[in-house]
Amino acid sequence: MACPHVESARLPAPTLSSKVYKEECTLCFDSQDMPDGINVCMTCYNGGCGQSSHDHAGLHQRKSGHPLVLNVRRTRKPTADARTSGAPPPPKITKLAIQQEDEDAKYDTHTKVVCLACNGAEVDMKLSKIKQSVDAILAAMSAKKQSEIKAWEEETLRPCSHTASLEQSAPHKLEGKALAHCRSCDLQENLWLCLTCGSLGCGRQQYGGLGGNGHAMSHFEATQHPIAVKMGSITPEGTADLFCYAHGDEIINPDLAKHLSNFGINLLSQQKTEKSIAELQLDQNLKFDFRMTTEDGKLLAPMFGPSLTGLKNLGNSCYLASVLQCVFAIPTFANHYQEAFYTHSANCFEQPAECFHCQMAKLAEGLLSGRYSHPTPADPADAEDAPRGQEGIAPAMFKSLIGKGHQEFSTMRQQDAQEFLQHLMQMVEQKERAGGNDPSKAFAYTMEQRLQCLECEKVKYTSVASGGINLHVPATVLGEKDGKKVYQPVALDSCLETHFGQDIRTFACPHDKQPTSASFIQRFKTFPKVLAFTMSRFVLGEGWVMEKLNVNIEVPLTLDLSEFRSTGKQDHEELLPEDASQKAGPAVDQGALDTLIGMGFPEIRCKRAIIKTGNNGADVAMNWLFEHMEDPDIDAPLEEAGASGEPAVSASDVAMLMDMGFTDSQAKKAIRATGGDMERAVNWLFSHADEPMDDAPAAASAAPTEDDTRPPVYELFAFISHRGTSAHCGHYVSFVKQADGRWALFNDNKVAHVADISSHIGEGYIYFYKRKID
C-alpha cells in the first residue's frame with residue numbers, strides 16, 4: 001500500500017541559504033557514518049538519529065508533523081585507507097584554499113526514504129516528487145560545510161585609516177638588488193616593503209622559527225611609516241600579508257596595486273612564493289604536541305568510557321575543547337545539562353542547532369555518556385598490539401552557535417582559552433537566568449575589598465562579585481638553554497600571597513579632603529564551589545610583542561584558603577564618609593583589569609581601555625590599547641562621575657531593561673557604564689548580575705554565610721596547559737581527574753592516562769579547584 005503522506009507532504013528544494021543537516025543529528029552526535037545513518041527531514045532538513053538510538057528524528061516528526069525523511073548512511077570503502085593504499089595524506093585546509101574532500105572516493109553512500117508517520121515504512125524513491133527532493137538534498141551543501149566556510153569568511157581583514165591617507169615618496173623603480181635582501185642585514189626571506197618610501201626590512205621572528213631581526217619594525221619606529229607588505233605573499237588577485245605598525249594589526253589594502261606601482265612593481269606579475277602568516281600559524285599549531293609518551297618513551301595508554309570522550313579539532317579549536325572538558329567535569333554543569341538532554345529537547349520548539357540549551361545538552365551527553373568513546377577499528381597495517389585511539393566527537397554545531405556574532409570566536413583563528421571560558425560563562429548565565437538554575441554560579445563568590453587611609457586611618461569596605469582570579473607570575477630569568485630563557489620556578493602559594501597582599505595606592509580621602517595614601521587589601525567574603533586561577537603567563541615583551549613566560553608553577557593538589565577569608569569591619573574601626581564625587585565612577589571589569597595589568601600595561605591605561613570598550617573583556621580592551629597607544633590623553637586621569645557630572649539616563653531605556661527583569665538600580669548603572677549603548681548595557685548586566693548597585697543601599701559587612709563556616713579547602717581536579725609563544729598561537733590541552741582518581745590527558749580527540757601528573761602540572765595556564773565536602 002502506497003504511503004498516503006507522499007502527495008500531501010511539502011518537499012521544497014533547498015536554497016543556497018538552507019541549512020541541511022545530513023551529516024549529524026542536531027540533538028546528539030550520532031552521524032551518517034553510524035550503522036543507522038541520519039534521517040534528514042525532507043521538509044525542513046533537520047537531521048535526527050533513528051529508533052535504535054534516541055529517536056530524535058521521531059521526536060522531530062511528532063513536534064513538527066513532517067512525515068518524510070531521507071535516511072543517509074555512509075560506509076568506508078576498503079581501499080580508502082591511505083596507509084594501506086600508499087596514497088599521500090590529504091592536504092591540510094588553509095585559509096587560502098578550502099578544498100572539497102573527494103568523499104565519493106572514500107565512502108559509499110546509501111539512501112532510502114521512509115515515512116515516520118507510517119511507522120518507518122519505506123517509500124519508493126523512483127516517484128518523481130521523491131526523486132527530485134532526494135537529488136536536491138544530496139546535492140545541497142551541508143550545514144557543517146556552510147558553517148566552516150562562514151568561519152573562514154569571518155576572518156576577512158579590513159582596511160585601516162592609514163591606507164586611505166598613505167602619502168608615498170616620489171615614484172621610483174626598485175631594482176633587483178633593492179628587493180634581494182633586507183637593507184640592514186642579509187636575510188632573504190620574511191621581507192617587508194614599506195609602502196611609504198620603499199625600504200625593505202626583515203620582519204620579526206615568525207611561527208616555526210622563520211628568521212627575522214625586526215628591521216622593518218625598526219624602520220617604522222625611526223620614520224613612523226605605518227604600512228608594510230610582505231614580499232613573496234603578494235598574488236595577482238591583490239591578496240597579500242599587510243601590516244599596519246601604527247595599529248599593530250594585519251589589514252587589507254584596496255589600493256595595493258597603485259601603491260606598488262609607485263616603486264615599479266606590477267601587481268599582475270607577482271607570484272606567491274612564501275606562506276602567509278595564517279598558514280604559518282596553522283602549520284605551527286599542528287606541530288605543537290604535548291607529550292603523549294611516558295618518561296621511558298612508551299605511548300600513554302588510551303582511555304575509553306564515560307567522561308572520556310575526545311573532541312575533534314575543527315581547525316584551531318583546541319582552546320574550545322580544553323575548556324569544555326574542564327567545564328563538564330564540574331558536577332553542577334554535568335548534572336544540569338545531562339538532565340536537560342532528556343527534559344529540555346522534548347519540550348523545545350526552537351531549531352535544535354540554534355538552541356543553546358539543546359547544544360549544551362548534546363555536548364553533555366556526548367562527552368559524559370561514553371557512547372562515542374571506543375577504540376577505532378583495527379587497521380591491518382598496524383601491529384597487533386598497537387594502541388588504538390578514538391574518533392571523538394566534533395563540536396561543530398556548538399562552535400557555530402557559541403561564536404555567532406562574536407568578533408573572535410566566530411572565526412577559525414586560535415583564541416585565548418581564558419577569554420573563551422569567560423564568554424561561555426556569560427552565555428550560560430544569560431541563557432539560564434530565566435530558569436533560576438544557573439550552573440555558572442558554581443564559580444561565583446564575593447570579594448571584600450578594604451581601603452584604609454594612612455592619614456586618618458578610617459576604612460571603607462566594598463563587596464565585589466567575582467568569578468575567577470588572575471594571578472601574576474613573577475619572572476626571574478636564571479639563564480638560557482637552547483636559545484630560550486630559563487626561569488626560576490614559582491610556588492602557587494607565593495602568587496596567592498602577592499595577589500592578596502597589601503597594596504599602597506594614592507587616594508583622595510573624603511575625610512581629610514586632600515590626596516593621601518591608602519592601603520588596599522582584598523579577601524574572600526564568600527567562597528565558590530569551583531575556583532579558577534588563571535596564570536598571567538602572557539606579557540608584553542620587547543617591541544610591544546606578546547611573549548609567554550614558561551615558568552614552572554609549583555601547584556599543590558590541595559589548597560587551604562583560610563588565611564584569605566575576610567573578617568569584616570572590626571569594632572575599633574571607623575568608616576570613611578561617603579564622597580559623592582567618588583560614588584558613581586565608571587564601572588570596570590575587575591577580571592579584565594587584572595589580566596591587562598598582569599600583561600604589563602599601566603593601570604590607568606587598562607581602566608581607560610576597559611571603559612572605552614564597554615567592559616567587553618581583556619582581549620577587546622587590549623586591541624583598543626594597541627590602537628590608541630599614541631593618544632595624547634592615554635595617561636590622563638579618568639573623569640569621575642559625581643552628582644553633577646553623571647550622564648543622564650533615559651527613563652524609557654530604564655523601563656526597557658526593567659521589562660527584561662532587571663531592577664531600576666541595575667538598569668541605571670548598566671546604561672551609565674556603557675555610555676547609553678543599550679545592546680552593550682544588556683551584555684554588561686548579564687556579566688554583572690550579582691554586583692551591588694551604586695545607587696542601591698550598600699550591603700552591610702556581615703559574617704560569612706552558613707556555607708562558608710566550613711574550612712575553605714580546595715582540591716585540584718582539572719587544569720588547562722598551553723604550548724606555544726602566545727595565547728593566540730600554539731596548542732591547548734586539558735588534564736582532568738576522573739572519579740576513580742586517575743588523571744586523563746585530553747589532547748583534542750586523543751584521551752590518555754597520565755600516571756605521573758607531577759610532570760605536567762607545572763605547565764598550567766588555568767587551574768580548576770573544587771571545594772572539598774567533608
Side-chain angles (χ1 to χ4, degrees), residues 27-28 306-307 309 311 319-348 350 352 355-369 395 397-399 401-403 409 417-446 465-469 526-534 591 661 683 685-691 705 707-708 712 714-720 734 736-739 746 766-773:
L27 287 172
C28 70
S307 301
T309 302
L311 287 164
Y319 70 92
L320 176 145
S322 62
V323 169
L324 290 178
Q325 295 289 4
C326 294
V327 165
F328 280 101
I330 300 171
T332 51
F333 277 87
N335 297 337
H336 179 77
Y337 288 110
Q338 277 186 305
E339 180 182 351
F341 180 78
Y342 297 99
T343 59
H344 174 80
S345 58
N347 302 297
C348 177
E350 292 185 49
C355 173
F356 181 81
H357 298 89
C358 287
Q359 292 307 306
M360 286 291 283
K362 175 179 175 176
L363 275 173
E365 198 271 345
L367 291 174
L368 304 175
S369 67
M397 288 186 199
F398 174 78
K399 184 178 184 299
L401 180 62
I402 195 72
F409 300 129
Q418 186 211 18
E419 289 285 329
F420 178 72
L421 175 62
Q422 292 175 335
H423 176 66
L424 176 61
M425 291 304 104
Q426 182 177 339
M427 288 292 293
V428 170
E429 182 182 7
Q430 180 179 341
K431 298 297 183 180
E432 301 291 354
R433 182 183 180 87
N437 187 10
D438 176 9
S440 73
K441 288 189 179 298
F443 289 96
Y445 61 93
T446 302
S466 301
I469 295 178
T526 63
F527 290 91
K529 293 180 180 178
V530 176
L531 187 55
F533 296 113
T534 301
N683 291 332
L685 278 164
F686 282 121
S687 61
H688 296 75
D690 297 324
E691 184 174 314
T705 63
D707 178 62
D708 283 342
Y714 289 79
E715 57 183 356
L716 183 72
F717 72 92
F719 61 96
I720 294 172
S734 56
V736 180
K737 190 176 183 180
Q738 302 302 298
F746 292 86
I766 307 175
Y767 294 98
F768 296 87
Y769 282 84
K770 62 181 178 182
R771 195 168 187 181
K772 292 182 67 173
I773 300 176

Backbone N/O of Tyr342 and side chain of Ser345: donor-acceptor pair under 3.5 Å:
no
I'd like to know if the side chain of Tyr445 reaches the main chain of Lys529, judged simply by a donor and an acceptor atom lying under 3.5 Å from each other, with no hydrogens or angles considered.
no
[atom1] of [X] to [atom2] of [Y]: how many Å apart, nearest 0.5 Å?
X	Y	atom1	atom2	value
Ser440	Arg433	OG	CZ	11.0 Å
Leu320	Leu421	CG	CG	11.0 Å
Phe409	Leu401	CZ	CG	14.0 Å
Leu531	Leu716	CG	CG	11.0 Å
Gln359	Phe398	CD	CZ	8.5 Å
Phe719	Ser322	CZ	OG	12.0 Å

Is there side-chain contact between [X] and [Y], with heavy atoms separated by less than 4.5 Å?
X	Y	result
Tyr337	Val428	yes
Gln422	Gln418	yes
Gln338	Phe328	no
Leu424	Leu324	yes
Thr446	Ser466	no
Met425	Val327	yes
Asn437	His336	yes
Pro712	Arg771	yes

Can you see which heavy atom on [X] is nearest to which on [Y], and at what distance?
X	Y	value
Ala329	Val736	CB-CG1, 3.6 Å
Cys358	Pro352	CB-O, 3.6 Å
Ala417	Ile766	C-CD1, 4.2 Å
Thr309	Gln325	O-NE2, 2.9 Å
Ala334	Leu368	CB-CD1, 3.5 Å
Ala442	Thr332	CB-OG1, 3.6 Å

Does the gap between the ring centers of Phe533 and Tyr767 come in under 6.0 Å?
no
Residues in ring-ring contact (aromatic ring centres under 6.0 Å, His included) with Tyr714, at least two apart?
none
Excluding sequence neighbours, so at least two apart, what forms ring-ring contact (aromatic ring centres under 6.0 Å, His included) with Phe768?
none
Would Glu350 and His357 count as having a side-chain donor-acceptor pair, cut-off 3.5 Å?
no
For atom CD of Glu715, is the number of surrounding heavy atoms from other residues, nucleotides or ligands below 6.0 Å larger than 12?
yes
What pairs with Glu365 under side chain to side chain contact (heavy atoms under 4.5 Å, CB included), at least two apart in sequence or on another chain?
Cys28, His54, Phe341, Ser369, Arg371, Tyr372
Is Lys737 positioned over the aromatic face of Phe717, cation under 6.0 angstrom from the ring centre and no more than 45 degrees off axis?
no
For the pair Ile720 and Tyr319, evaluate side-chain contact (heavy atoms from CB on, under 4.5 Å) and give the outcome as yes or no after the intermediate values.
CA-CA 9 Å; Ile720 294 172; Tyr319 70 92; over 6 Å; no
